[in-house]
Amino acid sequence: MVENGTYQYKRIAVKIGSNVLTRRDGTLDVTRMSALVDQVAELYKAGVEVVLVSSGAVASGRSELKPLKKLDSVDQRQLFSAVGQAKLINRYYELFREHGITVGQVLTTKESFSTRRHYLNQRNCMRVMLENGVIPIVNENDTISVTELMFTDNDELSGMIASMMDMQALIILSNIDGIYNGSPSQPGTSVIRTVERGKDLSDYIQTEKSGFGRGGMLTKSTIARKVADEGITVIIANGKKENILLDLLCHPDTTVCTRFLPASAEVSSVKKWIAHSEGFAKGELHLNRQAVEAVRGSKATSILPVGVTRVAGDFEKDDIVRIMDEQGQQIGVGRVSADSAEAVLLVGRHGQKPLVHYDYLYLE
Ligand SMILES: Nc1ncnc2c1ncn2[C@@H]1O[C@H](COP(=O)(O)OP(=O)(O)O)[C@@H](O)[C@H]1O
Ligand SMILES: N[C@@H](CCC(=O)OP(=O)(O)O)C(=O)O
């Protein structure tokens, strides 16, 4: 919304899905790209900090090449993205240059979020770019990503970036107006306009994906929920629609999209990192009922050894561990202050220092 001549948000991450950037025949839709670049440029000139997370490397490489022999899926991804990413970033570079704006490429992997040091290093890179007026254009480095360690898709990556960069909003642009309350192709279904905290949408979402995408709507909704819980507004909208970005910001009430309402409480930077680190967890701490009630209560409570019934896995001090309830359900993640051998000896003991301090505990 334009308030006193400025936009409602000062810092946003925009994720552009493969399908927004590719035509039906798989070629790069430069007209669409150019329209989105024009809108981002307008925001930039109005003083909004924008980080772009753009898919499209594999799709744009695929249309460029005719492999000589049949390739397996890893070879395809590596070959197509190596060529396609170069093509993609070159296009962005030229399109933004017409507006006098410099962009820079950030290629990352999930492992680059795994330790706090790597995480802060990445954040520093993007901060210095923004401070110098350079728009970061982020994508997964598909050429070197190991299949098992990849982001589910760029929706997950964009959530991590929005969280890491302390954005006020994350706008996920796909080829559909938002999340429908049923199969989008069925008559009578419509876009869910607002998603309150704690609302589960999984029943509405089909596993179908669009032609060139990777994750589908389920990852979008899971990530959106998580990021909104960190206090960031998440909007899912149709990137193929004319003027969509500016409409979302200037006419939020009349622009069709799904908006996840953010939590009002601030989440610290380290907790945000921990929230997205589940994939790197090395072990588990199982809590008894009283401990679960205590950490879930309104007071800031750390996990003390006395409330831990079992330790699983092999971990070092400062590793990420899953926090489990009595039924073995995960209730959160945290950074542990002892290695697994020490933790085992501490199980059930009174009067000991926390195994996970409140500042390093993220509850789901
Ligand atoms: N309830 C739903 N509402 C909207 N889209 C849905 C729903 N269930 C499944 N989908 C599918 O999710 C697709 C978008 O996800 P995806 O293919 O990953 O796109 P992107 O390339 O933008 O990341 C839609 O095109 C649609 O086919
Ligand atoms: N890194 C990949 C992105 C794959 C992906 O996640 O696509 P999408 O589901 O459209 O966000 C690429 O650039 O092709």
Side-chain angles (χ1 to χ4, degrees), residues 13-24 26 28-29 32-33 36 52-64 73-74 76-89 91-92 105-110 137-145 147 149-161 170-186 188-193 195 199-224 234-241 244 256-258:
V14 178
K15 184 257 174 173
I16 308 181
S18 307
N19 287 286
V20 176
L21 296 179
T22 31
R23 296 202 181 84
R24 240 171 244 188
L28 198 59
D29 188 346
R32 180 62 39 220
M33 249 178 119
L36 287 166
L52 270 186
V53 178
S54 180
S55 302
V58 173
S60 57
R62 181 175 282 124
S63 62
E64 214 52 34
S73 60
V74 174
Q76 279 192 33
R77 190 180 73 232
Q78 293 183 321
L79 176 66
F80 295 154
S81 67
V83 175
Q85 179 64 27
K87 186 174 143 189
L88 193 69
I89 202 72
R91 280 286 186 191
Y92 274 123
Q105 172 175 264
V106 179
L107 294 180
T108 185
T109 62
K110 197 161 181 176
I137 302 184
V138 187
N139 197 358
E140 179 165 12
N141 193 346
D142 298 294
T143 55
I144 55 146
S145 291
T147 310
L149 302 177
M150 284 171 76
F151 298 102
T152 317
D153 61 11
N154 270 358
D155 299 320
E156 184 183 18
L157 170 60
S158 68
M160 288 163 105
I161 295 284
L170 164 64
I171 300 176
I172 297 181
L173 296 178
S174 185
N175 62 344
I176 197 147
D177 285 348
I179 304 184
Y180 280 71
N181 57 2
S183 175
S185 51
Q186 289 292 309
T189 57
S190 56
V191 172
I192 302 166
R193 299 293 292 269
V195 185
K199 178 114 177 65
D200 178 19
L201 300 180
S202 54
D203 283 351
Y204 297 132
I205 298 172
Q206 287 69 48
T207 45
E208 80 203 49
K209 278 181 276 182
S210 49
F212 303 100
R214 196 154 88 195
M217 195 48 85
L218 202 55
T219 38
K220 281 191 219 322
S221 121
T222 311
I223 281 296
V234 183
I235 296 167
I236 300 178
N238 195 337
K240 294 252 185 211
K241 271 194 176 163
I244 185 69
V256 179
C257 67
T258 299

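Both ligands and their constituent atoms are indexed starting at 1 by order of listing. For this chain, numbers begin at 1 and follow the sequence in order.
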For Asp153, the ligand 2 atoms with a heavy-atom partner under 4.0 Å come out as 6 (O)
Contact summary for [X] and [Y], nearest pair of heavy atoms:
| X | Y | answer |
| --- | --- | --- |
| Val191 | Gly178 | CG1-CA, 4.0 Å |
| Glu64 | Val83 | CG-CG1, 3.9 Å |
| Ile244 | Gly239 | CG2-CA, 4.0 Å |

Just which atoms of ligand 1 are under 4.0 Å from any heavy atom in [X]?
| X | value |
| --- | --- |
| Gly17 | 22 (O) |
| Asn175 | 24 (C), 25 (O) |
| Ser18 | 21 (O) |
| Lys15 | 23 (O) |
| Gly178 | 3 (N), 4 (C) |
| Ser174 | 14 (C), 19 (O), 20 (P), 22 (O) |

If I apply the N/O under 3.5 Å rule, does [X] come out as touching ligand 2?
| X | value |
| --- | --- |
| Ser55 | yes |
| Asn139 | yes |
| Asp142 | yes |
| Asn154 | yes |

Under the side chain to side chain contact (heavy atoms under 4.5 Å, CB included) test against Ser54, which residue among Leu36, Ile137, Val20, Asn154 passes?
Ile137
Approximate separation, where rounding is to 0.5 Å, of [X] [atom1] and [Y] [atom2]:
| X | Y | atom1 | atom2 | answer |
| --- | --- | --- | --- | --- |
| Met160 | Leu170 | CE | CG | 13.0 Å |
| Leu157 | Thr152 | CG | OG1 | 10.5 Å |
| Leu79 | Thr143 | CG | OG1 | 11.0 Å |
| Thr22 | Leu28 | OG1 | CG | 8.0 Å |
| Ile235 | Thr258 | CD1 | OG1 | 10.0 Å |

Counting only heavy atoms closer than 4.0 Å, does ligand 1 sit against the backbone of [X], its side chain, both, or neither?
| X | result |
| --- | --- |
| Pro184 | side chain |
| Gln186 | neither |
| Asn19 | both |

Would Lys15 count as a contact of ligand 2 if the rule is a heavy atom under 4.0 Å away?
yes
Would you say Gly56 touches ligand 2, if touching means a heavy atom closer than 4.0 Å?
yes
Options Ala59, Gly17, Ser18, ranked by nearest heavy atom to atom 7 (O) of ligand 2, top entry
Ser18
Can you tell me if Gly182 contacts ligand 1 (heavy atom of the residue under 4.0 Å from the ligand)?
yes
Arg23 side chain near Arg32 side chain, heavy-atom distance below 4.5 Å:
no
Side-chain heavy-atom pair Ile179, Met217 within 4.5 angstrom cut-off:
yes
